[in-house]
Engineer: 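Structure incoming, see below.
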Number of protein chains: 2
Amino acid sequence: MAITENTEITEAITDAEWAVMRIVWTLGEADSHTIIDLVSQQHDWKAATIKTLIGRLVKKGALATTKNGRQFIYTPLIPEQAAMDTALTSQLDQMCAMCRGQAFVNAIDQTELSQTDIQELITHLQEKLTTAPTTITCDCLPEGYEGSC
Amino acid sequence: MAITENTEITEAITDAEWAVMRIVWTLGEADSHTIIDLVSQQHDWKAATIKTLIGRLVKKGALATTKNGRQFIYTPLIPEQAAMDTALTSQLDQMCAMCRGQAFVNAIDQTELSQTDIQELITHLQEKLTTAPTTITCDCLPEGYEGSC
DNA sequence: GGTTAGAGTTTACATCTGTAAACGTAAAGT
DNA sequence: ACTTTACGTTTACAGATGTAAACTCTAACC
């Protein structure tokens with residue numbers, strides 16, 4: 001007797017759907033009017049388009065609905081940070097293991113980070129350094145093949 | 001008089017196409033037989049499928065072809081690191097600016113990095129720290145709205 | 001109580017992706 | 001020269017995604 005069926009929270013959120021989720025994550029909950037209003041100010045999408053995105057997010061278990069009079073209140077069923085982690089990690093997982101470090105360097109270079117963020121990253125990295133391997137092997141070729149990019 | 005038409009190197013590489021690109025990036029160049037052979041060992045795809053992917057990559061300007069007898073030699077037209085950066089950055093760009101730091105922390109936690117990588121990251125971060133803002137504002141809502149996630 | 005507006009649902013449709021068979025053609029072997 | 005191979009191209013097709021109109025109700029207003 002689960003509250004929500006929660007068959008599998010793990011349906012990937014598409015690029016367009018991210019825009020909707022960000023609104024709901026930030027507000028905590030929102031009705032469709034609010035979502036449509038705010039998303040329209042960021043993207044040149046018709047209300048109908050945003051309705052479709054909301055519907056798909058509900059169907060894929062990313063948003064919960066609570067009846068409120070004639071309309072629904074939408075709330076996130078998956079945490080924002082978890083969605084971000086999943087998105088980043090799946091992207092990284094398909095890249096050469098050996099090159100991921102450099103990818104981080106470049107991504108971090110191009111990202112505005114707060115002093116606190118940076119300090120936390122440094123701390124984590126220093127901790128990670130204590131158990132880090134000397135080298136990471138390129139995993140672009142199948143088992144048994146040599147090569148590195 | 002460009003060597004290659006290079007209309008726009010910026011066509012995104014899809015998940016399946018990454019598998020092909022990684023082989024070519026690692027080998028520097030490869031004929032289709034080699035690509036099909038190696039990719040088949042990593043993915044349960046038919047040769048025809050891999051041929052399709054190669055064809056699409058050529059069409060979208062990610063791979064160059066050089067005739068060699070009855071077949072082609074394929075070479076990357078976009079650098080691996082650039083593709084990785086683009087993929088990561090576009091992912092990050094659609095996430096809340098305020099949460100990106102934490103996303104990095106989590107992603108780095110789940111990624112194996114070499115001592116050298118980590119040290120380079122720390123150095124970069126220490127450098128970045130000198131000009132970092134105290135806080136990053138949540139940019140999930142449209143201009144003029146308050147809110148943070 | 002009848003009308004209406006607006007919320008959610010259905011339907012639509014082109015393009016992109018993943019996956020693959022079929023085909024045309026020229027090189028390679030006999 | 002003839003056949004076979006196999007490389008690249010064309011075609012196929014279902015499901016995902018972006019984008020949006022049309023439709024169905026029911027709650028709200030007069």
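Heavy-atom basis, side chains included; hydrogens, waters and symmetry copies ignored. Below, chain A is the first sequence line, B the second, and so on; all start at residue 1.
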Engineer: How many whole angstroms separate atom NZ of B/K67 from atom P of C/dA26?
Structural biologist: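 Distance, rounded to whole Å: 9 Å.
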Engineer: Quickly work out the A/I13 CD1 to D/dA16 P distance and round it to whole Å.
Structural biologist: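 After rounding, the reported distance stands at 16 Å.
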Engineer: Got a sec, which residues hit side-chain contact (heavy atoms from CB on, under 4.5 Å) with B/T65, two or more places apart in sequence or on another chain?
Structural biologist: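 With sequence neighbours excluded, B/T65 shows a side-chain contact (heavy atoms from CB on, under 4.5 Å) to B/V58, B/F72, B/Y74, given in chain and number order.
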Engineer: Keeping A/D31 on the side-chain end and A/T34 on the backbone end, is there a donor-acceptor pair under 3.5 Å?
Structural biologist: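 Checking the backbone N and O of A/T34 against the side chain of A/D31, a donor-acceptor pair under 3.5 Å is found.
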Engineer: To the nearest Å, give me how far apart CH2 (B/W18) and P (C/dG18) are.
Structural biologist: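 Result: 13 Å.
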Engineer: Measure from the side-chain heavy atoms of B/K60 and tell me the nearest of C/dT17, C/dG18, C/dA7.
Structural biologist: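 For the B/K60 side chain, the nearest candidate turns out to be C/dT17.
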Engineer: Whole angstrom is fine here: how far is it from CG in B/N68 over to C1' in D/dC7?
Structural biologist: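 Value for this atom pair: 12 Å.
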Engineer: Could you check whether any side-chain N or O of B/Q91 sits under 3.5 Å from a backbone N or O of B/T86, counting only pairs where one atom can act as donor and the other as acceptor?
Structural biologist: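 Looks like no, no N/O pair under 3.5 Å.
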Engineer: Could you check B/Y74 against A/D15 and say which one's nearest nucleotide on DNA chain D is further toward the 5' end?
Structural biologist: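 In this pair, the answer is B/Y74.
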Engineer: Do the side-chain N or O atoms of B/T14 get closer than 4.0 angstrom to the phosphate oxygens (OP1, OP2) of C/dC16?
Structural biologist: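 Answer no for this pair, as no side-chain N or O of B/T14 is under 4.0 Å from OP1 or OP2.
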Engineer: Identify whether the distance between the nearest side-chain nitrogen and carboxylate oxygen of A/E17 and A/K60 falls below 4.0 Å.
Structural biologist: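 A salt bridge is present here (some side-chain N lies under 4.0 Å from a carboxylate O).
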Engineer: I need the residues from residues 29-58 of chain A with at least one non-hydrogen atom less than 4.0 Å from DNA chain C; give them sorted by number, or say none.
Structural biologist: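 A/S32, A/H33, A/K51, A/R56 - these, ordered by number, are the residues of the stretch whose heavy atoms sit under 4.0 Å from the strand.
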Engineer: Choosing from D/dT17, C/dA7, C/dA28, which nucleotide comes nearest the side chain of B/R70?
Structural biologist: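 My answer, after comparing the listed nucleotides, is C/dA28.
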Engineer: Does this structure show an ion pair linking A/D139 with B/R22, if we count only N-O contacts that are shorter than 4.0 Å?
Structural biologist: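 Answer for the salt bridge query: yes.
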Engineer: How close or far is atom P of D/dA6 from atom CZ of B/F72, stated in whole angstroms?
Structural biologist: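 From B/F72 CZ to D/dA6 P: 18 Å.
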Engineer: Under the rule for side chain to side chain donor-acceptor pair (under 3.5 Å), what residues qualify as partners of B/D85, not counting sequence neighbours?
Structural biologist: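 For B/D85, the residues satisfying side chain to side chain donor-acceptor pair (under 3.5 Å) (neighbours in sequence not counted) are A/N106.
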